[in-house]
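Here is the structure we will look at, set down as structure tokens.
Atoms within a ligand are numbered from 1 in the order they appear, just like the ligands themselves.
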Amino acid sequence: MKTLRLIMGDQLSRNISALHGIDPDHDLVLMTEVWDEATSVRHHQQKLVLVLSAMRHFAESLRNESIRVDYIYLDEKNNTGSFSGELKRAIKRHQVEKVIITEPGEWRVREIIEGFKTTPGLQVEIRDDNRFLCSQAEFTRWSAGRKTLRMEYFYRWMRRRTGFLMNGSEPEGGSWNYDSSNRRALTKKLVIPPRKRFKLDAITVEVVNLVEKMFSHHFGDLESFGWAVTRAEALEALQDFIEHGLPWFGDYQDAMKSGEEFIFHAAISPYLNLGLLIPGEVCSAVMQAYNQGSVPLNSAEGFLRQIIGWREYIRGFYWMYMPAYKKTNYFAATRSLPSFYWSGDTELNCLRETIEVTSRNAYAHHIQRLMITGNFALLAGIEPSQVEEWYLIVYADAYDWVELPNTHSMALYADGGLLSSKPYAASGAYINRMSDYCSECVYNPRLKLGAGACPFNYLYWYFLIINEDRLRPNPRMGLPYRNLDRMSDEQKYMIKQQAEVFLAQIDSC
Ligand code: FAD
Ligand code: DLZ
Ligand code: SF4
């Protein structure tokens, strides 16, 4: 039977389920650049270059194995611009009877793919995505009967299942989690090695020209593009991180510093999410470095937790709660996203630094995403769908399955606590402790009120005041509310006043 194997832009793994059992004599791979995906949101220009260049390189690598690939370019004359349109054309062109697809990573695209099943005379086989360590069925089994789905318990379950950092049934070193030793601030003396970046080859240059021509109105700089676009390069980037970043990853996981873009983070999420790297191989490389003694336990454990814990948990969580949960808005937040999220033009230095680095690299590390742009959006009551769209646009690693739970649930607590037991809300004191941003800021993180007071301070208390009915009953919010209770009515009144004046002029702050 003549079979078409559809490979989408974030499915660039040779071992992906859709390619299993491929018969090069009869089967054909379809890869298609489509307008609908390129414009589903106004993706950062670097993200477009990364996806399209990685797709073109992947097609080339399949052809080098004598696999037939029908590759449709974005600017081709007859390109219909959609997955369904291109699949229909390909079925006719090649007289195909069967289509094999790996399940897509996004609800919206999953619905499109399900729609293929109604095509008369066409067999459609949707296979599980085999690139995760925990399948959806296994996640559902783990979650059965649990009142809340907390990552920490999922993570312990995954440690036992994978055997990573386990001594029999006990965690290596006696503790499951070394997060408390992962909160050091950077010192001036510490030298941070640059992360591996890559030169543009002819294929990437061609894509850059295309993106400059068609998408120059999208967010972000293109000049600094340095992402890996092939598996070989992605493996090099992983090795570079393991040697030069991982040993310090644990200690400085939460630290932020002006001008330091990647610190000791891996910057491999774009590769994992495209399929250029596979989580199992990343964990094995970490374990090898740990077993050789070149990486301390807090780094190995902290990093593994991100991959086998957070990443897998987030994916299970997405499919468990979609699509209804996307619409929740626990704090009834309605404010529009401030324009400085696009321009970086703000006096709040921590926000400016984070937005500028995001524009330059289509990357910011977790704490910048969570505790700077995310925390501000939470405290300022920005409408969740606008914040989510921003995150989906600006990061090279952003796909709905991973961006949505991180933004909607972790950063904005818009689901009311499905993912975390309390909101990640913080005042300027946290940002001052974990970064050097405040020393270059017009505001003072030590001032709670009045001229020059850090806006994160009064917005934090304002957030507690206006959401008291929802948050005070939460046992984990006891301490902040006890601190609020120590304030006089006059202080609370002044906090409200200053916060409301700030929020009324938020676009020009
Ligand atoms: P490292 O800090 O070096 O961590 C290693 C790897 O662990 C990452 O590459 C990533 O694959 C995985 N990981 C770590 N934390 C998470 C997490 N919370 N969820 C899923 N995987 C995780 N990550 C994305 O991949 N895509 C997104 O669109 C995305 N949006 C986010 C939005 C917000 C508001 C927040 C708070 C976080 C978001 N994250 C997202 C998670 C995390 O910030 C990024 O995975 C991480 O910054 C990627 O950089 P890194 O490779 O240097 O990560
Ligand atoms: C992100 C993206 C972009 C920008 N362009 C394409 C494309 O032209 N063709 C394609 O197959 N995939 C693209 N992608 C990735 C898809 O959006 C992704 O595969 C789906 O959202 C499923 O997760
Ligand atoms: Fe950000 Fe406040 Fe520090 Fe300025 S003082 S950098 S606004 S936390």
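- Of the polar atoms of T32, at least one N or O is found under 3.5 Å from an N or O of ligand 2, judged by distance alone.
- Atom 1 (Fe) of ligand 3 has C350 among its coordinating residues (N/O/S atom, backbone or side chain, under 2.8 Å).
- Comparing Y437, F456, Y443 against atom 5 (S) of ligand 3, the shortest heavy-atom distance belongs to Y443.
- Looking only at side-chain heavy atoms (C-beta outward), C350 and F456 come within less than 4.5 Å of each other.
- No donor-acceptor pair closer than 3.5 Å links the side chain of R127 to the backbone N or O of I100.
- Of the N or O atoms in K47, none lie within a sub-3.5 Å distance of an N or O in ligand 2.
- Note on ring orientation: taking the six-membered ring where Trp is involved, the planes of Y363 and W227 are tilted (angle from 30° to 60°).
- For atom 2 (Fe) of ligand 3, the N/O/S atoms of C441 include none lying under 2.8 Å.
- Of the N or O atoms in G105, one or more lie within a sub-3.5 Å distance of an N or O in ligand 2.
- The nearest protein atom to atom 14 (N) of ligand 2, hydrogens excluded, is given as V51 CG1, 3.9 Å; this is a heavy-atom distance.
- The distance criterion of under 3.5 Å between nitrogen or oxygen atoms is not met by Y399 with respect to ligand 2.
- Nearest protein neighbour of atom 13 (C) of ligand 2, counting heavy atoms only, is E37 CB, 3.8 Å.
- Judged by distance alone, the side chain of Q368 and the main-chain N or O of H365 form a donor-acceptor pair under 3.5 Å.
- Which of L277, V402, L246 comes nearest to atom 24 (C) of ligand 1 through a heavy atom is settled by distance: it is V402.
- Residue contacts with ligand 2: D10 is placed with a nitrogen or oxygen under 3.5 Å of a nitrogen or oxygen of the ligand (distance criterion only).
- A donor atom on one side chain and an acceptor atom on the other are not found under 3.5 Å apart for N375 and Y424.
- Among the atoms of G9, some N or O lies under 3.5 angstrom from an N or O of ligand 2.
- Taking each of Q253, H365, E388, Q306 in turn, the one with a heavy atom nearest to atom 4 (O) of ligand 1 proves to be Q306.
- For ligand 2, one of its N or O atoms has an N or O atom of V34 under 3.5 Å away.
- The closest approach between a heavy atom of F249 and any atom of ligand 1 is below 4.0 Å.
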